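Treat the numbers as computed from the prediction; the structure is a model and nothing was measured. Each chain gets a letter, A, B and so on, in the order the sequences are listed, and its residues count up from 1.
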2 protein chains.
Amino acid sequence: MVIRENKAAAPEIAEENTRAKILNAAGEVFAEQGFEGATVRAITERAGVNVAAVNYHFRDKAELYTRVVVDACSVRAAFREAIAEGTDSPEERLRSLIHRFLEYLLDPNRPGWKRRLMAREMANPTTALDELVKNNIQPFRDEFLIPTLRQLTGGCFSRRQLGYIGSSIMGQCLYFLQSRPIIERLVPDFKIDKSDITEIADHITRFSLAAIAELTRQARRS
Amino acid sequence: MVIRENKAAAPEIAEENTRAKILNAAGEVFAEQGFEGATVRAITERAGVNVAAVNYHFRDKAELYTRVVVDACSVRAAFREAIAEGTDSPEERLRSLIHRFLEYLLDPNRPGWKRRLMAREMANPTTALDELVKNNIQPFRDEFLIPTLRQLTGGCFSRRQLGYIGSSIMGQCLYFLQSRPIIERLVPDFKIDKSDITEIADHITRFSLAAIAELTRQARRS
DNA sequence: CTCACTTTCAAACAAACGTTTTAAACTGTC
DNA sequence: GACAGTTTAAAACGTTTGTTTGAAAGTGAG
């Protein structure tokens, strides 16, 4: 039985090789050219495999795209665990949420094409965006961010207002993913590495906590 | 000579008709499908003209796209004048800037395809984005927003920090353009009309002024 | 009405595209 | 080595695409 175990594993690895090559190459080409602009021949050429391999390993080009995009947008396991971790104060909690969200959006250790594909998907949605929102963004917002904001503001604001505050925070974070092409044109030599993410997160946290504190003060005064 | 003037005008009007039809139809189709996904036949069918008309009136599909996108991103004349208008206080000025920027991004009186095309262009840049940034976004940021922030903060922050504050404000505004597909999935029945723009602008102004006031206070205390 | 220019149109063109087909090569089991 | 199943490859297929072509129709001036 142990020998059979080994045998079953071997073809899996071989299959993974061509298939993995296609997935990676496809990710890059789709990120650069979008779905329509990317050709199966460009992808297979970059992968170093034969053009028929796409239809052997995937039903068609569209299925390849969906798989690649879903993978790019999928949550890193660490993300959900990290945002679920308890932290001491609501301030600290918001800080943590913002840091984690930015890490999810901008992780420099992930291939750049995943980040770019995610940005593309947000602008030109396919069904993958449904998954991205349902699995990652909506839980982040509804289960963690808004409740934290409710704590921070001590019940001073309506659900609608908390929603707007939430969008202000998410908008600041998403700016660095979605407006990257704009930023690069505004700020020469713009790049994001680990320390930049921390700096950005620190700024957004400071700015947002300051806003919340002041808004809460004003609300309590009236 | 006057008669020749009239004659010259007449064919211009006729030419504008087919050409305008193509531009409008192209705008819609490019907004829906992107450059590669949009076919010349889909565009001409929607425009109700012959497929060869595209090459008669425009050099090729790419030139049609560029013209359409540049038009979609072009500044409304009122926008530049409005943001150049003097206002009383820096607070009022920031309010005005935010309102105008949002109106530029989200104007419900403009065809929806222009807004969607602008969002697409930001995610998948062509040369049109260079123009958009250079003509609209960079002046807005560098000539109006940052100087206003400098006034509001009374010289407490470095250029870098003012840049971050600027990005926080712009990120909040761009969120409602760029993350529209996300918002629509988070918030059922989401729509933006004139009063929504005002409400959003009011929120972003309040949030941002509160943040700036508090951050400035903290900076002065240390 | 003639003429020159403009605009429109249908057909054609050449290339590209995603996909299919078929056979060869590969792999693993008995 | 035979066999069955998997994987790879090149060629072919049918369709689509952007563009070109050549002629007809339209327009306006003299």
Problem set entry | Rounded interatomic separation in angstrom, taking OH from A:Y65 and P from C:dT19 | 15 Å
Exercise. Do any N or O atoms from the side chain of A:S96 and from the backbone of A:E92 form a donor-acceptor pair under 3.5 angstrom?
Worked result: no
For this session: Select one nucleotide: of C:dT19, D:dT19, C:dT8, the one nearest the side-chain heavy atoms of B:K61.
Result: D:dT19
Problem set entry | Whether B:K114 side chain and B:D107 backbone form a donor-acceptor pair below 3.5 Å | no
Exercise. Rounding to a whole Å, what distance do you find between B:L64:CG and D:dT17:P?
Worked result: 16 Å
Exercise. Within the distance-only criterion (no hydrogens, no angle test), does the side chain of B:S179 pair as donor or acceptor with the backbone N or O of B:F176 below 3.5 angstrom?
Worked result: no
Problem set entry | Within-4.5 Å side-chain heavy-atom neighbours: B:H203 and A:I165 | yes
For this session: Considering just the side-chain nitrogens and oxygens of A:T18, establish if one lies under 4.0 Å of OP1 or OP2 belonging to D:dT7.
Result: no
Exercise. With sugar-phosphate meaning primed atoms plus P, OP1 and OP2, does A:A62 contact a base, only sugar-phosphate, or nothing at under 4.0 Å between heavy atoms?
Worked result: nothing
Exercise. Can a side chain N or O of B:Y56 be found less than 4.0 Å away from OP1 or OP2 on C:dT7?
Worked result: yes
Exercise. Can you check the A:N55 CG to C:dG18 C1' distance for me, whole Å?
Worked result: 7 Å
Exercise. Pick the nucleotide of DNA chain C nearest each of A:T39 and A:R59; which residue has the one closer to the 5' end?
Worked result: A:T39
Problem set entry | salt bridge (Lys or Arg N to Asp or Glu O under 4.0 Å) partners of residues 115-140 of chain A, not counting sequence neighbours, each pair once | A:D130-B:R185
For this session: Would you mind reading off the distance between B:E36 atom CD and C:dG18 atom P, rounded to a whole angstrom?
Result: 11 Å
Exercise. Separation of B:H57 atom NE2 from D:dT20 atom P, in whole Å?
Worked result: 15 Å
For this session: Output every pair passing salt bridge (Lys or Arg N to Asp or Glu O under 4.0 Å) with a member in residues 161-175 of chain A, not counting sequence neighbours, ordered by first then second residue.
Result: none
Seminar exercise, completed: Residues of residues 41-54 of chain A with a heavy atom under 4.0 Å from any atom of DNA chain D, listed by number, are A:R41, A:N50, A:A52
